[in-house]
Amino acid sequence: MKKLLDTNLFLITLFVVIFCYIISFISTDVVLSDKIYQKYLNEKYENKYNEYKDLDIDLSEFEDELKQFEQDAEDTNSYGWDYLYIDLVAITVPLFLVVLGFSGAFLVLILFHKKLHIIKFTAVLKATLLSFMVFYIPEIISAFYFLIFKKNYELKDIKEFESYFSLGKMFNKEQTPSWLWDIVSETDFSYFIFPLLVAMLLKSMYKNFSTGLLIGYSFIAYFIIYILYNTVFWYLFDLI
């Protein structure tokens, strides 16, 4: 691990992006294949059609829309450059927001410590980049489960399996405020491994520092970014 942390920052970044892209591709384009997703959409449209057909309204426009939708699905079955671009953006934007945000917060916090301030910003960036990969643990486990053990499944099975990693399992949706539910339902247990792993990687580079001290500062920095990411960032995103 020490040898990996001594690697050039650009190479570490490239490695992390490639790793995250491969896992994301397997999760969203192999596990959740076109066949699985198309079946879900067909059932969704069929249910919508059944809801309206008992009403005394003209369904010709809806039927034309459904035919066009099915035609579009057949025409966009292959993985093109547009999907590659979308997947890379979906990976790199959260990655750089978390990595730069956490590293910046951590750096500001340790400036007030008489010893920790000697930690280099590049070292924090490297540790944070490598730790970011833990966010893909649920997707890795899900891919193994559905591609090896449970080969006959639907979209609802994927969502149900992934929900076991979510903090939402500890809350009752009906009794939880909507703003809090939005956060906990999108937060899984691997999120708590991230700051711990950052501290462990920094410990491997700075052996003279207390492990507990590094963990404490790491969790404080992560808590700050976690709050900002789930409030300010999503608020700005909604304004776009």
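- The side-chain heavy atoms of Leu107 and Val124, taken from C-beta on, include no pair separated by under 4.5 Å.
- In this structure, CG in Asp87 is found 5.5 Å from CG in Asp29, a value given to the nearest 0.5 Å.
- Between the OG atom of Ser190 and the CG atom of Leu197 there is a distance of 11.0 Å, given to the nearest 0.5 Å.
- Between the side chain of Ser24 and the main chain of Cys20, no donor-acceptor pair closer than 3.5 Å is present.
- Leu125 and Met200 fall into different hydrophobic clusters, defined by Ile, Leu, Val, Met, Phe, Trp and Tyr side-chain heavy atoms under 4.5 Å apart, directly or through other members.
- Considering all non-hydrogen atoms of both residues, Leu214 and Leu202 come closest at CD1-C, 4.2 Å.
- Here the CG-CD1 distance, from Asn208 to Ile118, works out to 8.0 Å after rounding to the nearest 0.5 Å.
- Annotation: side chain of Ile91 is in contact with side chain of Tyr136 (closest heavy-atom distance under 4.5 Å).
- Rounded to the nearest 0.5 angstrom, Tyr164 OH and Tyr145 OH are separated by 8.5 Å.
- Transitive grouping of hydrophobic side chains (ILVMFWY, heavy atoms separated by less than 4.5 Å) keeps Phe219 and Ile110 in distinct clusters.
- Taking OH from Tyr217 and CZ from Phe112, the interatomic distance works out to 9.5 Å, rounded to the nearest 0.5 Å.
- The hydrophobic cluster containing Phe189 also contains Tyr226, counting ILVMFWY residues as joined when their side-chain heavy atoms lie under 4.5 angstrom apart, directly or transitively.
- Minimum interatomic distance between Thr128 and Val98 (heavy atoms only, all atoms of both residues): CG2-O, 4.5 Å.
- With hydrogens and angles ignored, the 3.5 Å screen pairs no side-chain donor or acceptor of Ser142 with any backbone N or O of Pro138.
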Can Val198 and Phe106 be said to form a side-chain contact (heavy atoms from CB on, under 4.5 Å), step by step?
CA-CA 10 Å; Val198 172; Phe106 188 88; 5.6 Å; no
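- Remark: side-chain polar atoms of Lys126 are not paired, donor with acceptor, to backbone N or O of Leu9 under 3.5 angstrom.
- Ser131 places a side-chain N or O within 3.5 Å of a backbone atom of Ala127 that can act as its donor or acceptor partner.
- When the shell of 6.0 Å around CZ of Phe144 is examined, it contains 12 or fewer heavy atoms from other residues, nucleotides or ligands.
- Distance CG/Leu129 to CG/Leu201: 11.0 Å, rounded to 0.5 Å.
- Here the closest heavy-atom approach between residue Phe146 and residue Ile158 is recorded as CZ-CA, 3.6 Å.
- By the rule that hydrophobic residues join a cluster once side-chain heavy atoms approach within less than 4.5 Å of another member, Phe102 and Val134 end up as members of one cluster.
- You'll find the ring centres of Tyr153 and Phe161 outside the 6.0 Å limit.
- Closest non-hydrogen pair, Val16 versus Met133, comes out as CG1-CG, 4.1 Å.
- When all heavy atoms of Ile12 and Thr7 are compared, the closest pair comes out as CD1-O, 3.7 Å.
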As a quick check of understanding, evaluate side-chain contact (heavy atoms from CB on, under 4.5 Å) for Phe165 and Glu139, giving each step before the final call.
CA-CA 10 Å; Phe165 300 97; Glu139 293 187 33; over 6 Å; no
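- Ring to ring, Phe194 and Phe132 are not that close: their centroids are 6.0 angstrom or more apart.
- Scanning all heavy atoms of the two residues, the minimum distance from Thr211 to Lys203 falls at OG1-CE, 3.4 Å.
- Note on Phe25 and Ile148: same hydrophobic cluster, where clusters join Ile, Leu, Val, Met, Phe, Trp and Tyr whose side-chain heavy atoms are under 4.5 Å apart, directly or indirectly.
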Intermediate values then yes/no, ring pair (Phe, Tyr, Trp, His ring centres under 6.0 Å), Phe135 and Tyr191:
CA-CA 6 Å; Phe135 293 130; Tyr191 283 39; 4.9 Å; yes
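- A 4.5 Å side-chain heavy-atom check between Leu213 and Lys115 finds every atom pair outside the cut-off.
- In this structure a side-chain-to-backbone donor-acceptor pair under 3.5 Å is missing from Ser103 to Leu100.
- Put simply, the side chain of Ser218 never gets that close to the backbone of Ile215: no donor and acceptor are under 3.5 Å apart.
- With contacts defined as side-chain heavy-atom distances shorter than 4.5 Å, the pair Thr13/Phe96 qualifies.
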